[in-house]
Amino acid sequence: MSYDLEQENKEISARYKDLISNTYRTLDEENNKLIRKAFDIALDAHKDQRRKSGEPYIYHPIAVAKIVATEIGLGASSIACALLHDVIEDSEYTYEDLKKIFGERIAGIVNGLTKISIMNHQNISVQSENYRKLLLTLSEDFRVILIKIADRLHNMRTLESMAPDKQKKIASETVYIYAPMAHRLGLYNIKSELEDLSLKYNSPDIYNEITEKLELAKESRIRYIDEFTKEVSERLKDEGLNVSIKGRAKAISSIYRKMLKQGVSFEEVFDNYAIRIIYKSDAKNEKFLAWKIYSIVTDVYHSNPSRMRDWITQPRSTGYESLHLTVLGPDKKWIEVQIRSERMDDIAEKGVAAHYKYKEGYKQSNDDRNFEKWVTEIRDVLEQQQNLTTSELLDNIKLNLYSKEVFVFTPKGEIKILPTNATALDFAFSVHSDLGMKCLGAKINGKLVPISYVLQNGDQVDILSSQNQKPKFDWLDFVVTSKAKSKIKSYLNSEKNSFVEEGKEILQRKLRHAKINFNDEEINKLQKFFNLKSSQELFLKFQTNELDASSLRKYIESKNVFNNLLSRFKRNTNKNQHYEEPKEINLDMIVFGKDEEKLNYSYAKCCTVIPGDKIFGFITISDGIKVHSDNCPNAINLRAQYDYRVIPAKWVNEESFKNRIKIEIEGLDRMGMINDITTVISGAMGMDMKSMSIESNNGIFTGNINLEVKHKGQLEETFKKLKAIDGISRIRRI
């Protein structure tokens, strides 16, 4: 391809100027020089590189730096690091070079941002290893994760140039790792955009449908917000308040989650947009004005007390502050209203990065301390679980990123924030590790309860302890915080370490004899093959001789089958290459890979696949190829952690196949309803109805029907006809 280099150089210069003019903080001469030096190095490092779209690669670091500056609000050092974030990986510049030019701090952050290089022969989940790296770097300097999130956001915004399979892989990794991280760091706008973009590539039909419906409703939404603003702003001005009122549609992914959770259509989600009232205030009157505005709004419109949320009196652990209320607005429609000061809005938009802007004048809330505590917990867990495989670490380190919170009190009246479903034992560990280890019971509001008691908002908790108490295995069944889990596991593991080490040596000898390398990847595969939860459990099984040489032989046999399958799909496509088709059985329904090969497969039990569904294959370690639906609840995790084992799949002869699915129907009960339903299913559609159960309560019926379906088109037409029956309000596939 030919490129207009002169025009591209002008565009690069224009983008750099745009970056500098839009920086979040006013830059002095020294900071300008730092950013310029970083830009010059990045420009040199990427001078011969282009993105998949064909545009100069330097566009990407400039865009990431702009996100860091304007959407996250970090300063000059972070902007420089964003410009340099791919330099070590993609050019001849080394960590030592950057250290000499920029100093140890910037070089260290860039080094933390450098992607992990994985050798081609290693079948390791790059996504999981990246996640481990992210956590390790987060405990050193949280700017690393903020810049990494900015990098991922720009990659997601420009994902259209990638191949579809690559899009799904990156989108799955994003919603699995980066969106929860953005949420935990208080970057709610970025978190929502990452989730929306992930939905766009993982479920394009759903994304496009909701987008179109939001666009159609845009005019009525604007009219509604204008009417609300007119009603409320007059009263606010009369009180001398300086406010701005904004309306916004809720995130597409958020609306979709509500549709799934409530089992309703888009039209039935009543609060798919919100109004935000942002007011100017000094530090002294900030809380007072929030409640004053709340009073004015609820004077104009009736509020729903059960949906009121006060995040100002007690901010979330992310630092988020806002008053949320739901009111019966114009046209008697429920709408969410958020009330927050400019400072609160800034922190809600930019998360932990915005805190530095408000160090003086405002009373420091718990948000910084909570964030530091969270980072400390990550560091503690990483230090105590160094021997875990990456998959185990992923399970243990999620740290309730998305969880809601419960607020409880110590005997002295201090507030503790814990995740929902936390127990008295979690509380004990949050106070001090030793207290958790010796926890015997608790007094909740003066009443004696067991350590497994689930805490409720407002509980006052007094822990009872004993020097004779020791952690037990069943404690792991009910604690939810990562700190409690890691401390309990650490203690329990220390007791059985000698047995584990002995079992580890036995397994090492057996693997050496079988000429198999002993490493994390192999141990992970062995775990999955024997359906064990941890590597320690695996070693103990060999120590107690529950697993022996014959068990290992079965694993090796399955491993050979797995490797043969995997190697076929790692080869480059070769048009002259010929694969023999299996002769034993007729497989004419699904083909796999770019060469559309016919292979043995079976259907995954975690989802119901019917012809016409979008599908993919997953190469299991011990059970060949499993076919999953794209909408499978495990699809995101499989693509995020084991993308190298995911293979494209497509239908060939869907008419020859039948599958059983379950649908749920709800509506108004009346005479003849069951007859109308069976007439559509068995009569009009000619479907085989295997079972049907109907329950009626106070004039409302719910029913579950098991059907045998030939293909997706048949199911969609059935749904269409059932929805047309008088009185049916909801139908969904379970």
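Just so you know, residue 1 is the first one in the sequence shown, and it goes up from there.
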Q | Atom pair CD1/CD1 of Ile147 and Ile72 - distance to nearest 0.5 Å | A | 8.0 Å

Can [X] be said to sit on top of [Y]'s aromatic six-ring, NZ or CZ under 6.0 Å from centre and within 45° of the ring axis?
X      : Y      : answer
Arg36  : Tyr16  : yes
Arg15  : Tyr59  : yes
Lys168 : Tyr201 : no
Arg645 : Tyr642 : yes
Arg639 : Phe616 : yes

Q) Salt bridge check: are Arg157 and Glu71 linked by an N-O gap of less than 4.0 Å? A) yes

Q) Is any NZ, NE, NH1 or NH2 atom of the basic residue among Glu173 and Lys169 found under 4.0 Å from an Asp or Glu carboxylate oxygen of the other? A) no

Just by distance, no angles: are the side chains of [X] and [Y] close enough, under 3.5 Å, to form a donor-acceptor pair?
X      : Y      : value
Ser192 : Asn189 : no
Asp196 : Ser253 : yes
Arg105 : Ser77  : yes

Q. According to the salt bridge (charged side-chain N to carboxylate O under 4.0 Å, His left out) rule, which pairs have a member within residues 56-66, sequence neighbours left out?
A. Asp18-Lys66

Q. Pick one: which of Asp48, Asp90, Leu43 meets side chain to side chain contact (heavy atoms under 4.5 Å, CB included) with Tyr57?
A. Asp90

Q) Got a sec, which residues hit ring-ring contact (aromatic ring centres under 6.0 Å, His included) with Tyr207, two or more places apart in sequence or on another chain? A) none

